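Predicted model only: the values in this text are computed from it and were never measured. Ligands are counted one by one from 1 in listed order, and the atoms in each one are counted from 1 as well.
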Amino acid sequence: MQIPGHIDPVVTPRAITPRTDGRIDLMGLSHLQIRQLFLESQLDEKAAKLRSKQVFHWIYHRGVTDFEAMTDIAKTMRPWLAQRFVIGRPQVIEAQVSTDGTRKWLLRTDDTQDYEMVFIPDADRGTLCISSQVGCTLNCRFCHTGTMRLVRNLTPGEIVGQVMLARDALGEWPKGNMAGGSDDEDDDSGHYTADGRMLTNIVLMGMGEPLYNFDNVRDALKVVMHGDGLALSKRRITLSTSGVVPMMEKAGEEIGVNLAVSLHAVSKEIRDEIVPLNRKYGIEELLQACADYPGANNARRITFEYVMLKDKNDSDEDARELVRLIKQYKLPAKVNLIPFNPWPGAPYDCSSPERIRAFSNLIFEHGISAPVRTPRGRDIMAACGQLKSAAEKKSRAELDRLAEEKQAALG
Ligand code: SAH
Ligand code: SF4
């Protein structure tokens, strides 16, 4: 999708994950797309309709990757499918587990680009943090991902593939009796939720700006939400944007998931510095787009993310101004305070715990919830803003030069 006035980071839009062996990867495709492919492969209307429905169910509800396992499909038809199609997964390059139970996977696309996903187990839920792009063009000053040189949009298959991989790793596909799966060699079993699953929520807070890859993110989330497949509720999915104003209404209408907005500052001067996209879409425009976001109400609030940077955006005046803005735009909002997660060469420090507490209290006194998010997985560089593939280590000088180039391109 071309953003007006912005250079799309991907020259060739891709809906289907490219493969070198000529077979088509069905991962990430909708029921209708699979049906269309079956029609193009000379199945008649009736067969295409039936088979695509069955295959969709096997792929996304049962987690099957081998056509031979699709027992309600005729034995002779299974090799026919396998000759033409595959059911892929992202390639896992590295899997790490933090001392706090957070898990991070380094993944690789078929064209050898690296990206990451993170799973955060809690007592009452398990949140999968997925990536929408390899790298990010937006270069927020406090974010490690923004320093990556290569950027490419992930395909729907690569996005849905992350959820599938997490289900694989957590052993959460229905077994023969269709009951929730169990995971023997796993030490998180105490965290299972009522329906027997650990993975209960998804956040698009990994690498990339999801609203700069709108079509693929929408198509992927539709597959993830589809009732015959993974069937995750839109209320359990949160899309985080740094403020791509022209796409926000469309996101509410066409995807309808929860919205999180990376606000991080309340004045033009500071937000321009730390979130360069602010020079294009300012705070007032952004807050108006939040007020207009379809589906936001007191039962489904918009989350404002606010990274706590020492002596930058963390004063009492900042907190008061944040409250004033939320009230001015009558926003059904909650604030998530994120202690800054450091990375090598980062130009900021994290505010002190006392400052963060005071900031949170001040907002709370005005009737707005402002919890402090506990950093998770810092030891394996899995916390917010720390994601950057291992292959991408650069010197400070090189990072600064790239930052300047990107800011110049943003105009
Ligand atoms: N690109 C999207 C989503 C990915 S980032 C966005 O910016 O909203 C997810 C959240 O982590 C964002 O709120 C982001 O601003 C925040 N973040 C980035 N770097 C961080 C860091 N070093 N410490 C804490 N939070 C960070
Ligand atoms: Fe991109 Fe979000 Fe990082 Fe900003 S904070 S550089 S938008 S991933």
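- Side-chain N or O atoms of Ser360 include one that pairs as donor or acceptor with a backbone N or O of Ala370 at under 3.5 Å.
- Backbone and side-chain nitrogen or oxygen atoms of Gln386 are examined, and none is located within less than 3.5 angstrom of a nitrogen or oxygen of ligand 1.
- In this comparison of Cys129, Gly208, Ser240, the heavy atom closest to atom 1 (N) of ligand 1 sits on Gly208.
- Under the 4.0 Å criterion applied to side-chain N and carboxylate O atoms, Glu116 and Lys104 are assigned as salt-bridge partners.
- Within the set Glu305, His264, Met308, the minimum heavy-atom distance to atom 14 (C) of ligand 1 is found for His264.
- Proximity to Cys384 (heavy-atom distance under 4.0 Å) selects the following atoms of ligand 1: 11 (O), 20 (C), 21 (C), 22 (N), 23 (N), 24 (C), 25 (N), 26 (C).
- With atom 8 (O) of ligand 1 as the reference point, the heavy atom nearest to it among Ser132, Ser262, Gly206, Ser131 is part of Ser262.
- Remark: side-chain polar atoms of His226 are paired, donor with acceptor, to backbone N or O of Asp228 under 3.5 angstrom.
- Residue contact check: Thr241 has heavy atoms under 4.0 Å from atoms 6 (C), 8 (O) of ligand 1.
- Pro375 does not count as a contact of ligand 1, since none of its heavy atoms falls under 4.0 Å from the ligand.
- With salt bridges taken as basic N to acidic carboxylate O contacts below 4.0 Å, one links Glu321 and Arg324.
- In the vicinity of Cys143, heavy-atom distances shorter than 4.0 Å reach the ligand 1 atoms 18 (C), 19 (N).
- For atom 3 (Fe) of ligand 2, the nearby protein N/O/S atoms, meaning those under 2.8 Å, are Cys143 SG.
- At the top of the distance list for atom 19 (N) of ligand 1, counting protein heavy atoms only, stands Gly385 CA, 3.0 Å.
- Between the side chain of Lys250 and the main chain of Phe214, no donor-acceptor pair closer than 3.5 Å is present.
- The main-chain N or O of Gly88 is found under 3.5 Å from a side-chain atom of Asp25 such that the two form a donor-acceptor pair.
- Around CZ of Phe364, the count of heavy atoms belonging to other residues, nucleotides or ligands within 6.0 Å does not exceed 12.
- Within the listing of ligand 1, atoms 24 (C), 25 (N) sit less than 4.0 angstrom from a heavy atom of Ile338.
- Considering only non-hydrogen protein atoms, atom 23 (N) of ligand 1 sits nearest to Asn341 N, 2.9 Å.
- For Tyr348, the heavy-atom gap to ligand 1 stays at 4.0 angstrom or more.
- Between the side chain of Asn313 and the main chain of His264, a donor-acceptor pair closer than 3.5 Å is present.
- By the definition of a contact as any protein heavy atom under 4.0 Å away, atom 2 (Fe) of ligand 2 is not in contact.
- Nearest heavy atom pair, residue Arg300 against residue Arg235, reads CD-NH1, 3.1 Å.
- Backbone and side-chain nitrogen or oxygen atoms of Phe142 are examined, and one is located within less than 3.5 angstrom of a nitrogen or oxygen of ligand 1.
- The atoms of ligand 1 that sit less than 4.0 Å from any heavy atom of Trp343 are 22 (N).
- With sequence neighbours left out, Asp168 forms a salt bridge (charged side-chain N to carboxylate O under 4.0 Å, His left out) with Arg89.
- In this comparison of Met205, Arg378, Met207, the heavy atom closest to atom 5 (S) of ligand 1 sits on Met205.
- Nearest heavy atoms, Met381 versus Pro342: SD-O, 4.3 Å.
- Look at Arg218 and Asp215 and you find a salt bridge, because one of the NZ, NE, NH1 or NH2 atoms lies within 4.0 Å of a carboxylate O, short of that distance.
- Gly146 and Asn139 make their closest contact through O-ND2, 2.9 Å (heavy atoms, listed as atom of the first residue, atom of the second, distance).
- Atoms of ligand 1 lying under 4.0 Å from at least one heavy atom of Val307, given by number and element, are 23 (N), 24 (C), 25 (N).
- Using a 4.0 Å cut-off to heavy atoms of Glu209, the atoms of ligand 1 that qualify are 1 (N), 2 (C).
- When only modelled atom types and interatomic distance are considered, Lys388 and Thr147 share a side-chain donor-acceptor pair under 3.5 Å.
- Considering all non-hydrogen atoms of both residues, Ala319 and Leu362 come closest at CB-CD2, 4.1 Å.
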